[in-house]
Amino acid sequence: MPELPEVETVRRDLAALLPGRTVTRVEVPDPRAVQGFGPDGRARRRETPAAFAAALFGRTAREVLRRGKYLGVRWDDGSALLVHLRMTGQLIFGPPRPNARALIFFSDGSCLNFCDTRRFGELWRAANWSADPSVRALGPEPLGDGWDVAAWGRSLRRCGARVQSALLDQRRLAGLGNIYVTEALFLSGVRPTRRARTLRSADIPVLAANIQKVLNQGIAHRGVSFRDYRDARGERGRAREKLEVYGKAGRPCPRCETPLRGVKVNGRGTVYCPQCQK
DNA sequence: AATTGTACCTGTCAGC
DNA sequence: TGCTGACAGGTACAAT
């Protein structure tokens, strides 16, 4: 669910709420929330709710950070709480929620709820936010100063995967998910099924500009709430109204009226206009 | 090495 | 109504 714009919206909300607050209690009704269970059904992190709670107890929040789709709360001792919302995760500041997988209470009685219907999301701690292996593996930030578009374009044009998959690869560029990739490819006139190595060099700046455009638009409207996404106040985003093609297979292309085509690309559903996208 | 498929989990919706 | 299967915004790992 949450891609860069949704995670950034949550980050901005929490940045106005958490800094200065001190943890007094942590509840983890679903231990999997801190253990990171994977496809084999086994825990990837050796962690218990008690150890997790003990590590957070007494910490004061200093800063709320984002890298790609990862969120971090940096504490007064330099350590960090890392969060990945995966498909249905929510971080909602407010009264304790009965369905929360984890709850962090602060000294003023306020609470941060981690809710997550599909239970793919996870919380973990790191001695240092930027040293965490998952964060370190990420490619550049598409909205950051450090994005070398030319180098990114060269790596894309050497990639044998389909463009849809290549853009979803977080090691190449951080933060894109299925919705924003689908939208950026439509705006760029590129079919998601094409091999990335068939892109022309002239396509690269166009793609880069459209990626930034759809991400900025997503942030401006506080994210796409297709179903589960909520901001840190529990409110829906309005960016869904701005989508041109995602979720609209069979409906007319907004540019040429040709019916939009829905396909699967490496297991992910996407949509394109057979007339406008080559 | 790089690319693709599968699994993790729950809820919803279409079709019968 | 109730069942079944397909599908959903992401990622890690296994298989090829």
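Just so we're on the same page: letters track the sequence lines, and every chain starts at 1. Only heavy atoms go into these numbers, but all of them, side chains included; no hydrogens, no water, no symmetry mates.
With P as the reference atom, C:dG5 and B:dA7 are 16 Å apart, rounded to whole Å. With both ends at atom P, the span from C:dT11 to B:dG11 equals 22 Å, rounded to whole Å.
A:E122 has a carboxylate O that lies under 4.0 Å from a charged side-chain N of A:R45, or vice versa, which qualifies the two as a salt bridge. Remark: A:R238 does not engage A:E241 in a salt bridge, criterion side-chain N to carboxylate O under 4.0 Å. Salt bridge absent: A:E183 and A:K213 never bring a charged side-chain N and a carboxylate O closer than 4.0 Å.
Stacking of A:R101 on the aromatic ring of A:F114 is not recorded, the 6.0 Å distance cut-off and the 45° axial limit not both being met.
Between the P atom of C:dG10 and the CG atom of A:L173 lies a distance of 14 Å, rounded to the nearest Å. Counting to the nearest Å, the C1' atom of C:dT11 and the CG atom of A:L123 are 16 Å from each other. Between the P atom of C:dC7 and the CZ atom of A:F226 lies a distance of 15 Å, rounded to the nearest Å. In this structure, the CZ atom of A:R119 is 17 Å from the C1' atom of C:dT11, given to the nearest Å. Distance A:D132 CG to C:dT11 C1': 14 Å, rounded to the nearest Å. Computed from coordinates, the A:Y70 OH to C:dT11 C1' distance equals 7 Å when rounded to whole Å. Distance, A:R268 CZ to C:dA8 P: 8 Å, rounded to whole Å. Rounded to a whole Å, the CG atom of A:D228 is 14 Å from the P atom of C:dA8.
Of the residues in residues 246-253 of chain A, A:Y246 come within less than 4.0 Å of DNA chain C through at least one heavy atom, sorted by number.
Per the stacking criterion (ring centres < 5.5 Å, plane angle < 30°), A:F120 stacks onto the base of C:dG10.
Among A:R222, A:R233, A:R66, the one residue that satisfies the salt bridge (charged side-chain N to carboxylate O under 4.0 Å, His left out) test with A:D13 is A:R222. Of the candidates A:V214, A:N210, A:I211, A:Y180 forms a side-chain contact (heavy atoms from CB on, under 4.5 Å) with just one, namely A:V214.
Map A:D40 and A:K69 each onto its nearest nucleotide of DNA chain C; the residue landing nearer the 5' end is A:K69. Between A:E122 and A:G269, the residue anchored closer to the 5' end of DNA chain C is A:G269, taking for each the nucleotide with the nearest heavy atom.
Counting non-hydrogen atoms under 4.0 angstrom, A:F37 reaches nothing in the nucleic acid. If you check every strand for non-hydrogen atoms under 4.0 Å, A:G177 touches sugar and phosphate atoms only. Backbone-only engagement by A:R44 is indicated by non-hydrogen atom pairs under 4.0 Å involving sugar-phosphate atoms exclusively. Note on A:R32: only backbone sugar-phosphate atoms sit closer than 4.0 angstrom, heavy atoms only; bases stay farther off. Within 4.0 Å of A:R195, counting heavy atoms only, lie sugar-phosphate atoms of the nucleic acid but no base atom.
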Applying the Watson-Crick and G-U criteria (both distances under 3.5 angstrom) with [ ] for crossing and | for other-strand pairs, one obtains for DNA chain C .|||||||.|||||||
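Considering only heavy atoms from C-beta on, A:L185 comes within 4.5 Å of A:Q277 through its side chain.
Side chains of A:T88 and A:R118: no donor on one and acceptor on the other come within 3.5 Å. Side-chain contact annotation: A:D231 with A:T9, donor-acceptor N/O pair under 3.5 Å absent.
The side-chain hydrogen bond (donor to acceptor under 3.5 Å, both in side chains) check on A:T193 picks up nothing, with sequence neighbours excluded. The side chain to side chain contact (heavy atoms under 4.5 Å, CB included) test applied to A:F105 returns A:T24, A:R25, A:E27, A:P96, A:L103, A:C111, not counting sequence neighbours.
Pairs of residues two or more places apart, or lying in two chains, that qualify as ring-ring contact (aromatic ring centres under 6.0 Å, His included) and include a residue from residues 139-167 of chain A are A:W147-A:W152.
Here A:Q170 does not reach the OP1 or OP2 of C:dG10: none of its side-chain N or O atoms lies under 4.0 Å away. Dashed line: the shortest gap from a side-chain N or O of A:H84 to OP1 or OP2 of C:dT11 is under 4.0 Å.
Put simply, chain A comes within 4.0 Å of DNA chain B, heavy atom to any atom, from B:dT3 to B:dT12, going 5' to 3'.
Around NZ of A:K248, the count of heavy atoms belonging to other residues, nucleotides or ligands within 6.0 Å exceeds 12.
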